[in-house]
Amino acid sequence: MDISIYHKKWIVPAKCGSRYLDKAFGVTEQDNVGFSGISSAKQMDIWRNTILNSPHTKIAAQSHNIFQFWVLPITHIVLRNPLSHLLSALHTDLWGHLDEPIRAIGLVKGNLHLEEILLKYTKDGTGHWSPHLYYNLYMLLQKRPDIKVVPIEGLTELLNESGFELEYVPSEYNFEKAGEPSRGEIINWVKTEYPSIWKRIWERYELDVKWANRITENVGLPKIKKRKRKLI
């Protein structure tokens with residue numbers, strides 16, 4: 001799953017306001033970083049200094065490596081409700097980023113491209129969702145309990161407190177368009193046409209929600225209520 005880090009201090013997972021922050025900060029390009037070959041403290045120091053010296057406002061990484069960012073001056077993590085995150089990611093992956101030939105096939109079981117995307121949710125996820133996001137962030141917070149967790153609803157306030165002002169207009173970041181399937185229709189299609197895959201996705205979601213609740217309990221945010229798979 002894609003993770004954005006702004007000014008070396010804000011961790012923002014995909015679907016948690018990165019497009020809004022890109023606009024606020026005037027981001028036109030990013031620095032992509034990885035952890036291949038880092039197996040010693042010396043290599044980690046080299047990598048950390050490379051990041052700290054990067055001229056880019058936005059640095060992109062992968063969520064399974066996020067624990068390593070404890071060596072950076074991270075101050076905040078922006079989090080979204082896990083269920084909202086899952087549903088938004090599915091909507092984006094299954095419809096928001098498709099090209100026209102795939103859209104022409106539509107929400108039918110014979111659309112193998114959509115099935116291929118769904119199967120990724122039962123494994124390691126996609127660029128927009130990871131079944132291990134909250135576990136990885138929980139482990140980071142164990143190492144760095146000083147990092148503050150900010151609900152996505154508080155992102156504009158955090159931005160303003162940091163000296164940046166940009167009105168948040170939801171319609172500018174919404175993939176839903178007139179005449180196209182809504183998020184609810186897409187989710188219902190998945191549940192109806194691929195019940196076994198949906199069950200596996202939900203099981204992975206429920207495992208990670210436990211770690212999300214540990215995070216919220218530790219920082220004084222409301223506990224995430226358990227939802228039944230069929231009632232979404």
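Excluded from the calculations below are hydrogen atoms, water molecules and symmetry mates; all remaining heavy atoms, backbone and side chain alike, are included.
- To the nearest 0.5 Å, the span separating OH on Y205 from CH2 on W202 amounts to 4.5 Å.
- Using modelled atom types, no side-chain atom of E217 and backbone atom of R214 make a donor-acceptor pair closer than 3.5 Å.
- Note that K109 lies in the cation-pi zone of Y194, set by a 6.0 Å cut-off to the ring centre and a 45° limit from the axis.
- L79 places none of its side-chain heavy atoms less than 4.5 Å from the side chain of V150.
- Rounded to the nearest 0.5 Å, atoms NZ (K120) and CD1 (I201) are 13.0 Å apart.
- Side-chain atoms of S18 do not come within 3.5 Å of backbone N or O of A14 as any donor-acceptor pair.
- Across all non-hydrogen atoms, the minimal contact from K9 to P73 is CB-O, 3.5 Å.
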Item to complete: Show your reasoning for whether side chain to side chain contact (heavy atoms under 4.5 Å, CB included) applies to W198 and L118.
Response: CA-CA 8 Å; W198 175 252; L118 280 175; over 6 Å; no
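- Using modelled atom types, one finds no donor on one side chain facing an acceptor on the other under 3.5 Å when comparing N136 with S63.
- Side-chain N or O atoms of D93 include none that pairs as donor or acceptor with a backbone N or O of T126 at under 3.5 Å.
- Judged purely by atom type and a 3.5 angstrom limit, R204 uses its side chain to pair as donor or acceptor with the backbone of T122.
- A donor-acceptor distance shorter than 3.5 angstrom exists from the side chain of K8 to the backbone of S54, with no hydrogens or angles considered.
- Donor-acceptor pairing under 3.5 Å is lacking for the side chains of T75 and K148.
- Ion pair K58/D31 not flagged as a salt bridge, since none of the NZ, NE, NH1 or NH2 atoms sits closer than 4.0 Å to an Asp/Glu carboxylate oxygen.
- The cluster map of Ile, Leu, Val, Met, Phe, Trp and Tyr, joined by side-chain heavy atoms under 4.5 Å apart, puts I105 and W95 in different clusters.
- Centroid-to-centroid, the aromatic rings of W211 and Y134 stay 6.0 Å apart or farther.
- Put simply, CG on L140 and CD1 on I74 are 7.5 Å apart, with the number rounded to the nearest 0.5 Å.
- In this structure, I3 is a member of the same hydrophobic cluster as L52, with clusters built from ILVMFWY side-chain heavy atoms closer than 4.5 Å.
- A distance-only check finds a donor-acceptor pair linking the side chain of T216 to the backbone of N213 [under 3.5 Å].
- Contact between L155 and C16 at its shortest, heavy atoms only, is CD2-O, 3.8 Å.
- A ring-ring contact (aromatic ring centres under 6.0 Å, His included) check over residues 98-119, counting only residues at least two apart or in different chains, returns nothing.
- Taking CZ of F67 as the start and CD of Q142 as the end, the distance is 9.5 Å to the nearest 0.5 Å.
- Judged by distance alone, the side chains of Y20 and T156 do bring a donor and an acceptor atom under 3.5 Å apart.
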Discussion item. Using the rule given for side chain to side chain contact (heavy atoms under 4.5 Å, CB included), can you reason through L21 versus V27, listing the C-alpha separation, both sets of side-chain angles and the distance that settles it, and then say yes or no?
Written reply: CA-CA 8 Å; L21 291 180; V27 172; over 6 Å; no
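- Using a distance-only test at 3.5 Å, with no hydrogens or angles considered, a donor-acceptor pair links the side chain of Q62 to the main chain of M1.
- In this structure, M139 is not a member of the same hydrophobic cluster as L207, with clusters built from ILVMFWY side-chain heavy atoms closer than 4.5 Å.
- Looking at L133 and P13, their side chains come closer than 4.5 Å, going by heavy atoms from C-beta outward.
- Closest approach of L86 to W129, counting heavy atoms only: CD1-CE2, 3.7 Å.
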Item to complete: Kindly determine whether V12 and I5 satisfy side chain to side chain contact (heavy atoms under 4.5 Å, CB included), including the steps that lead there.
Response: CA-CA 6 Å; V12 182; I5 300 179; over 6 Å; no
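- Comment: K42 does not engage D45 in a salt bridge, judged by the lack of any side-chain N to carboxylate O separation of less than 4.0 angstrom.
- P181 and I186 get closest at one heavy-atom pair: CB-CG1, 3.8 Å.
- Taking each heavy atom of L114 and L94 in turn, the nearest pair found is CD2-O, 3.3 Å.
- Looking only at distances, no side-chain donor or acceptor of R144 sits under 3.5 Å from a matching main-chain atom of V71.
- How far CD1 of I59 is from CG of N32: 10.0 Å, rounded to the nearest 0.5 Å.
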Worksheet item: Which is it for T92 and K15 under the side chain to side chain contact (heavy atoms under 4.5 Å, CB included) test, yes or no, and what are the steps along the way?
Response: CA-CA 9 Å; T92 300; K15 307 303 299 179; 2.5 Å; yes
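- Taking hydrophobic clusters as Ile, Leu, Val, Met, Phe, Trp and Tyr residues chained together by side-chain heavy-atom distances below 4.5 Å, L72 does not share a cluster with I46.
- Note that CD1 of I187 is 9.5 Å distant from OG of S182, once rounded to the nearest 0.5 Å.
- Considering only heavy atoms from C-beta on, P131 stays 4.5 Å or farther from D208 through its side chain.
- When side chains are defined from C-beta on, M44 counts as touching Q68, because their heavy atoms get closer than 4.5 Å.
- Considering only heavy atoms from C-beta on, L141 comes within 4.5 Å of I77 through its side chain.
- The closest side-chain heavy-atom distance from L158 to W10 is below 4.5 Å.
- For the pair L107/V190, no side-chain contact is recorded, criterion being any heavy-atom separation below 4.5 Å from C-beta on.
- Within the structure, side-chain hydrogen bond (donor to acceptor under 3.5 Å, both in side chains) pairs that include any residue of residues 160-169 do not occur (at least two apart or interchain).
- With respect to E206 and K210, no salt bridge is recorded, no charged nitrogen being found less than 4.0 Å from a carboxylate O.
- Within the 4.5 Å cutoff, the side chain of Y121 has no heavy atoms near those of the R200 side chain.
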